Amino acid sequence: MDQKCYQEKWLTIVNPNAGNGRGFKDWNKISSLLSDTGLQFETRFTLAKEHAIALTMEAISEGYRKFITVGGDGTLNEVLNGVMTSEDCDPASTSLGLIPVGTGNDWCRMFGIPTSYAKAIQILKEGKQMLHDVGEIRFFEGDEERTRYFLNTAGLGFESVVVKRTNSQKEKGHNGKTIYFYSVLMGLLSYKNTKSEIIIDGESKTANIFSVNVGNGKYCGGGMRQTPNAVPDDGLLDVTVINGVSKFEIVRNLNILYNGKILNHPRIDGYRCRSLQVNPEQRLWIEADGESLGHTPAGFSIIPSAVNIVYGTRLIP
């Protein structure tokens with residue numbers, strides 16, 4: 001693209017439904033705070049699921065390279081997918097910032113981005129940036145293979161059941177951290193382990209999968225730490241496999257999902273790799289950054305130093 005077409009201002013993509021409608025209710029306040037900083041920005045609102053992907057791709061074709069997401073992890077994921085899918089620019093030439101209005105806000109936890117609008121906007125104003133790896137998933141919807149990118153975490157098995165139930169609760173107007181915990185408990189009633197082939201950097205293993213969590217980041221599900229050692233710019237994925245664990249054992253050890261000690265459990269395996277393939281005997285559903293996707297078989301890989309992100313305090317090694 002001709003340099004004269006490059007937009008110096010930010011494009012703010014607002015999800016009005018984020019945080020049980022706070023994206024809409026609080027936008028005037030957020031907009032006023034943004035204006036007070038002197039940041040130059042334009043605004044577009046999402047109208048439906050995955051609309052932010054299309055808005056981002058359209059904006060890139062217009063010369064935008066700097067994006068502020070007003071929403072949660074899911075909206076940020078859609079903006080990321082617009083960046084990664086666009087053929088009009090190198091993703092590493094883009095910058096992503098976030099004003100969190102969502103429920104979980106898990107990605108923010110690693111980078112010191114607070115839920116206070118004024119403080120989050122001050123971080124945007126200060127403009128500290130780093131190159132962040134991006135995960136890529138290849139999966140299926142029926143007979144069609146799809147690709148999706150993720151910034152923070154992805155998962156399958158019980159992980160995706162919890163996400164699907166949580167999103168259903170959000171659509172009904174329920175909010176708050178307790179819906180994640182509720183979804184975990186309710187999901188345990190019906191979920192069964194699934195025998196699977198797991199191929200990690202070309203090495204095949206067999207597991208009786210309860211869940212697989214693939215982390216570029218540390219946090220998921222409103223503060224759970226299922227990939228507690230993940231580093232978002234090391235060019236690797238952290239993989240946690242909960243293998244052959246009974247429901248009773250999960251209930252008895254729920255605290256390890258939150259306290260960062262999950263890999264100490266003898267039936268939970270941790271890996272660090274560049275690629276992962278999961279081929280289960282029965283179809284398993286997949287999620288990425290808290291968004292429900294398609295199903296297995298699925299392949300995960302890493303794209304190092306893919307996009308710039310704006311951060312506050314880096315709470316990682």
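Quick caveat: nothing in here was measured; it's all calculated off a predicted structure. Heavy-atom basis, side chains included; hydrogens, waters and symmetry copies ignored.
Taking CG from Leu156 and CD1 from Ile209, the interatomic distance works out to 6.0 Å, rounded to the nearest 0.5 Å.
Using a 3.5 Å distance cut-off with no hydrogens or angles, the side chains of Tyr117 and Asp26 do pair a donor with an acceptor. Asn81 and Asn77 share a donor-acceptor pair across their side chains, judged by distance under 3.5 Å alone.
Under the side chain to side chain contact (heavy atoms under 4.5 Å, CB included) criterion, Thr43 pairs with Thr12, Val14, Trp27, Phe41, Phe45, not counting sequence neighbours. Residues passing the side chain to side chain contact (heavy atoms under 4.5 Å, CB included) test with Arg252 are Phe248, Glu249, sequence neighbours excluded. Partners of Tyr149 by side chain to side chain donor-acceptor pair (under 3.5 Å), not counting sequence neighbours: none found.
Under the 4.5 Å side-chain contact rule for hydrophobic residues, Ile242 and Ile199 do not share a cluster. Under a hydrophobic clustering in which Ile, Leu, Val, Met, Phe, Trp and Tyr are joined whenever their side-chain heavy atoms come within less than 4.5 Å, directly or via other members, Leu254 and Phe158 fall into the same cluster. When hydrophobic clusters are built by joining Ile, Leu, Val, Met, Phe, Trp and Tyr residues whose side-chain heavy atoms come closer than 4.5 Å, directly or via intermediates, Trp285 is not grouped with Val241.
When hydrophobic side chains of Ile, Leu, Val, Met, Phe, Trp and Tyr are connected at separations under 4.5 Å, Ile53 ends up clustered with Met57.
Within 6.0 Å of CD in Gln282 there are 12 or fewer heavy atoms belonging to other residues, nucleotides or ligands.
Taking a cutoff of 4.0 Å between a charged side-chain nitrogen and a carboxylate oxygen, Glu136 and Arg138 do not qualify as a salt bridge.
Among pairs with a residue in residues 270-280, those fulfilling side-chain hydrogen bond (donor to acceptor under 3.5 Å, both in side chains) read Glu197-Asn279, Asp201-Ser275, Asp238-Arg272, Gln277-Asn279, at least two apart in sequence or across chains.
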Between Arg44 and Glu58, is the salt bridge (Lys or Arg N to Asp or Glu O under 4.0 Å) condition met? List the steps. CA-CA 11 Å; Arg44 295 176 191 176; Glu58 178 182 85; 3.3 Å; yes
Salt bridge (Lys or Arg N to Asp or Glu O under 4.0 Å), that's the test. Do Glu78 and Lys49 meet it? Break it down for me. CA-CA 9 Å; Glu78 291 190 14; Lys49 185 178 176 65; 5.2 Å; no
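Minimum heavy-atom separation, Pro100 to Cys108: CB-SG, 3.8 Å.
The only member of Arg148, Arg146, Arg283 that meets salt bridge (charged side-chain N to carboxylate O under 4.0 Å, His left out) when paired with Glu141 is Arg146.
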Under 3.5 Å, side-chain donor or acceptor atoms of residues 126-134 against the rest of the protein: list the pairs with distances, not counting sequence neighbours.
unit_1	atom_1	unit_2	atom_2	d
Lys128	NZ	Gly312	O	2.6
Gln129	OE1	Ser95	OG	2.8
His132	NE2	Trp107	NE1	3.2
Asp133	OD1	Ser305	N	2.8
Asp133	OD2	Asp234	N	3.1
Asp133	OD2	Gly235	N	2.6

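Between Ile137 and Thr147 there is no side-chain heavy-atom pair separated by less than 4.5 Å.
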